[in-house]
Amino acid sequence: MKKILALMVALSAISVAALSAQAKTILTLWTFNELHAQYYQESAAAWNKANPSRQINLKAEVFPYDDMHNKLLIALQSGSGAPDIADVEISKFPNYLKGDIQLVPLDDLLNPIRKQFVQARLDIYGKDGKTYGMCFHVGAAVMYYNMDIMKAAGVDVEKIDTWDDYVKAGLQVKAKTGKPMATIETTDQWSYWPLISQQKSDYTDKNGNVTIDNEINVKTLQFLNDMIYKQKIAVPAPGGFHHAEEYYGFMNDGGAGSIWMPMWYMGRFTDYMADLKGKIAIRPMPRWTKGGNRSAGMGGTGTVVTKQSKAIDLAKQFTVYAKGSKEGNIAIWKLLGFDPIRWDVWSDPAMNEPNKFTQFFQNKNIFQTLLQVKDEIVPVNVNERMVRVIDQIRQKTFVQVLQENSKGAAQALKEAAVEAKK
Amino acid sequence: MKRKSLGASLRYVPYVFVLPFLISFAVFYVYPIAASVVMSFQNVVPGRTAFIGLDNYRRIVDQDFFDALRVSFTYTAVTILILIPGPLVLAAMLNVGRRRTNTVFRALYFLPSLVSVVVAGTIFRLIFATSARGMANTILSWLKIPAVDWIMGGSLTAMSLMVAVAVWRWTGVNVVYFMSGLQSIPEELYEAAEIDGAGPLRKFFALTVPLLKPTVIFVTTISVFGGFAMFEESYIFWRGLSPNNVGLTLVGLLFKRGFQQGELGLGSAVGIVLIAVVFAVSMAQLKLFGFFKQEEKE
């Protein structure tokens, strides 16, 4: 009798467990980054704690970058097979805004909290006044100075306010230490895009017309070429870009005095250039003119909800919770080391708790730097032509102007514009 | 009565046996090809796919297209120039001499073709890394030759890399083709030639080469297909974005337009043009070899 009773209790316990598991709604999520997937799992756990009546069972799958974007494109095109939620990288985003948009606008959930976000970072995932993606980070471009080299050259980085000051400091660094002041990417765009965005220029205009060959852009590319070949204070990045294995080795050995990259590059210092611990200071970018912008918002990953989802409302709420809530944004900083898009968390005490980033960099308060420049970030224009411009300049223009020095900036950009317009 | 029905059903048996092939052929070849022909005349976007006439074909021709055409042609030509004579000589050498050593060499030559291109490509990428510490550059430094920037160093090193992978990978396969061709040449011909006083070189050029002509035609034809279909090697070296398009092939262009830029219609049109190019090249090559004349004679 006892045995039977025990069995019955066990059975009912199992069925209760099965029932509650069933009550969890399954949401599938595709991403191209293992760390993102881990982040979403933690978000899902937090969501389930906060919403016990609307629990989710998040199935996050990680694919290689190209694979995931291709699969998602085909799934949305063909009308079946897409996940509920997906990460779409910004340079691919326009591909998903063609025809009848297969993504769900998030505006109804975003509007009440819109003011807390860096507006530019919502605009980039929008079309016709609707917002389709939630970003991880502002991607604020900043200057990373190697303070050992600055000290050896007698440069006071607090006095570098404009790019003219920066070049002067660069000449001093070169003369005193023999080292270049900066490295410049020749197969990627992070040395160039922030500089033109600072000047409110871009690859394309708001209406999607190609503007890559305008005067500011030519002048800026020439400026980079001059740094390498005229003033000789910069070198093309070893390996072609700031994410090359070769590059990490070069920088780690104190190869150059500084680089400008977005905030999300912090993680590359901590993970791949460990010898620079305690030597790097983060400062705003130099400006082009008095009162000009000292930063730019670069890169990004928009999390989207697809129309094929069977639980659109829940998927939307979870997405906005994971990437738009205060606790979500604090977790983005703590786990991923990104500068989250809600500026009202930047001054939160939680952001100053010691972690591997605060311990690595000289700054006492990293987000103080960000708060200074939060209103100096203009949105980049994300559209179909942008994709083609990026393609052209990464595979041709930069190689010709910055690596080979075989073509003038104006000529090379004009050619890029012609190709991108086709 | 019973026998009749058996006879009737026997008539269907051959069709039943070929059915699996026919179905898979229809589903995986005929349908996709037909669909891409249709899509090449369309602007393919979710919900609003529409016919746009020849617009895609008009948009194909740009600098990228010419770059891709040049890379694909050069790659195909160079691989054929290396991968026909090289394996032919190797096969002739393996056809004489000790059987046991020959088996070992045959296996060694064939082994690379069993390795996935992606795996092999990744290893080649590391061997030829842009660093003085890369394996290839280390070997060069022993020979007192300065380090070479293989991956980013321009079209010559880029083409060498892609050809190197092809040679490493396909030599063994072509050796097998040529060896099977060699086996069909009657031994008596060589004996007769020997009696007439022909040395090994003379035998090779006067007997082996001309009698292997059908095999050469076959291997050349599949090499043309293989050459124009090349994609993975360059994709692994440059992730689809090579400096100055040094690694952009026609299939690479198809991938870029169709998937990376999300224009499936334009990508399909590139595919159709690719078919036309390969067809034209193959026809020209077969004509050159006198393939059609031969068929008429027989």
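Proteins get letters first, then strands, A, B, ... in listed order; numbering begins at 1 in each. All values derive from a computational prediction rather than experimental measurement. Hydrogens, waters and symmetry mates are skipped; everything else that's a heavy atom, side chains included, is used.
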(message) Could you work out, with side chain to side chain donor-acceptor pair (under 3.5 Å) as the rule, every residue matching A/Ser91, not counting sequence neighbours?
(response) A/Glu89

(request) Can you sort out the partners of A/Tyr247 under side chain to side chain donor-acceptor pair (under 3.5 Å), two or more places apart, ordered by chain and number? (result)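 Residues passing side chain to side chain donor-acceptor pair (under 3.5 Å) with A/Tyr247: A/Thr183.
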
Examine whether an atom of [X] lies under 4.5 Å from a heavy atom of chain B, and if so say whether it belongs to the side chain, the backbone or both; otherwise answer neither.
| X | answer |
| --- | --- |
| A/Leu76 | backbone |
| A/Glu404 | side chain |
| A/Asn95 | side chain |
| A/Gln392 | side chain |
| A/Lys98 | both |
| A/Ile101 | neither |

(message) The test is side chain to side chain contact (heavy atoms under 4.5 Å, CB included); show your working for B/Asp149 and A/Glu246 and say whether it passes.
(response) CA-CA 12 Å; B/Asp149 191 348; A/Glu246 295 94 327; over 6 Å; no

(request) Sort B/Phe65 into side chain, backbone, both or neither according to what part of it lies under 4.5 angstrom from a heavy atom of chain A. (result)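 Contact with chain A is absent: no heavy atom of B/Phe65 under 4.5 Å.
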
(message) Nearest 0.5 angstrom please: B/Ser242 OG to A/Arg394 CZ, how far?
(response)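 Between atom OG of B/Ser242 and atom CZ of A/Arg394 there are 11.5 Å.
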
(request) Heavy atoms only: give me the nearest B/Gln260-A/Asn70 pair and the separation to one decimal. (result) N-OD1, 4.5 Å

